[in-house]
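Each remark here refers to the structure printed beneath this line.
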Amino acid sequence: MEAIKKKIVIESENINIPELKNFIGKSMEIILIEAEDETKDNISKFLDLAGKIDIDEKEIDSLRERSKL
């Protein structure tokens with residue numbers, strides 16, 4: 001079974017999806033699902049981690065020293 005997934009913004013009632021050429025003449029079911037705002041979700045996940053990550057200051061200093069030219 002062949003399938004495609006496109007992330008697009010609907011700008012009119014006419015949608016041009018070139019990949020549909022493979023499906024011409026076939027019986028198809030088209031499902032539209034509104035995409036979630038991934039940016040908000042990612043920011044929320046990032047902010048949830050604030051204060052939960054332990055940082056090894058000695059290792060950071062060591063990496064800085066090794067990265068100097």
Side-chain angles (χ1 to χ4, degrees):
M1 181 187 314
E2 221 180 324
I4 63 170
K5 180 178 180 179
K6 297 284 288 182
K7 285 192 171 191
I8 61 172
V9 175
I10 306 295
E11 295 176 351
S12 94
E13 61 188 46
N14 300 317
I15 302 172
N16 182 14
I17 304 175
E19 292 88 349
L20 291 179
K21 288 180 184 176
N22 296 335
F23 300 103
I24 293 175
K26 297 180 182 178
S27 177
M28 305 300 302
E29 178 179 0
I30 297 175
I31 300 171
L32 299 174
I33 301 172
E34 186 175 358
E36 295 178 14
D37 188 349
E38 294 176 10
T39 304
K40 285 183 183 178
D41 191 41
N42 288 341
I43 290 171
S44 175
K45 287 178 185 176
F46 176 76
L47 293 175
D48 286 346
L49 292 174
K52 296 180 182 176
I53 299 174
D54 294 326
I55 298 174
D56 185 342
E57 296 293 335
K58 289 181 183 178
E59 185 61 29
I60 291 174
D61 290 339
S62 173
L63 288 169
R64 285 185 180 138
E65 287 300 317
R66 286 186 275 162
S67 68
K68 289 181 182 178
L69 296 176

Following the transitive rule for hydrophobic clusters with a side-chain heavy-atom cut-off under 4.5 Å over Ile, Leu, Val, Met, Phe, Trp and Tyr, establish whether Met28 and Leu32 coincide in one cluster.
-> no
Answer with yes or no whether the hydrophobic clustering places Ile24 together with Ile15; edges join I, L, V, M, F, W, Y residues whose side-chain heavy atoms lie under 4.5 Å apart.
-> no
In the single-linkage hydrophobic clustering (I, L, V, M, F, W, Y; side-chain heavy atoms under 4.5 Å), do Ile30 and Phe23 co-cluster?
-> no
In Å and rounded to the nearest 0.5 Å, what is the CD to NZ distance from Glu19 to Lys5?
-> 14.0 Å
About how many Å separate CG of Leu63 and CZ of Arg66, when rounded to the nearest 0.5 Å?
-> 4.5 Å
Calculate, to the nearest 0.5 Å, the distance between atoms NZ and CG belonging to Lys52 and Asp54 respectively.
-> 12.5 Å
Can you tell me if CD1 on Ile10 sees more than 12 non-hydrogen neighbours from other groups inside 6.0 Å?
-> yes
Sub-4.5 Å side-chain heavy-atom contact between Lys58 and Ser62 | no
ILVMFWY cluster membership beyond Ile33 - transitive side-chain contacts under 4.5 angstrom = Ile31
Who pairs with Lys45 by salt bridge (Lys or Arg N to Asp or Glu O under 4.0 Å), at least two apart in sequence or on another chain?
-> Asp41
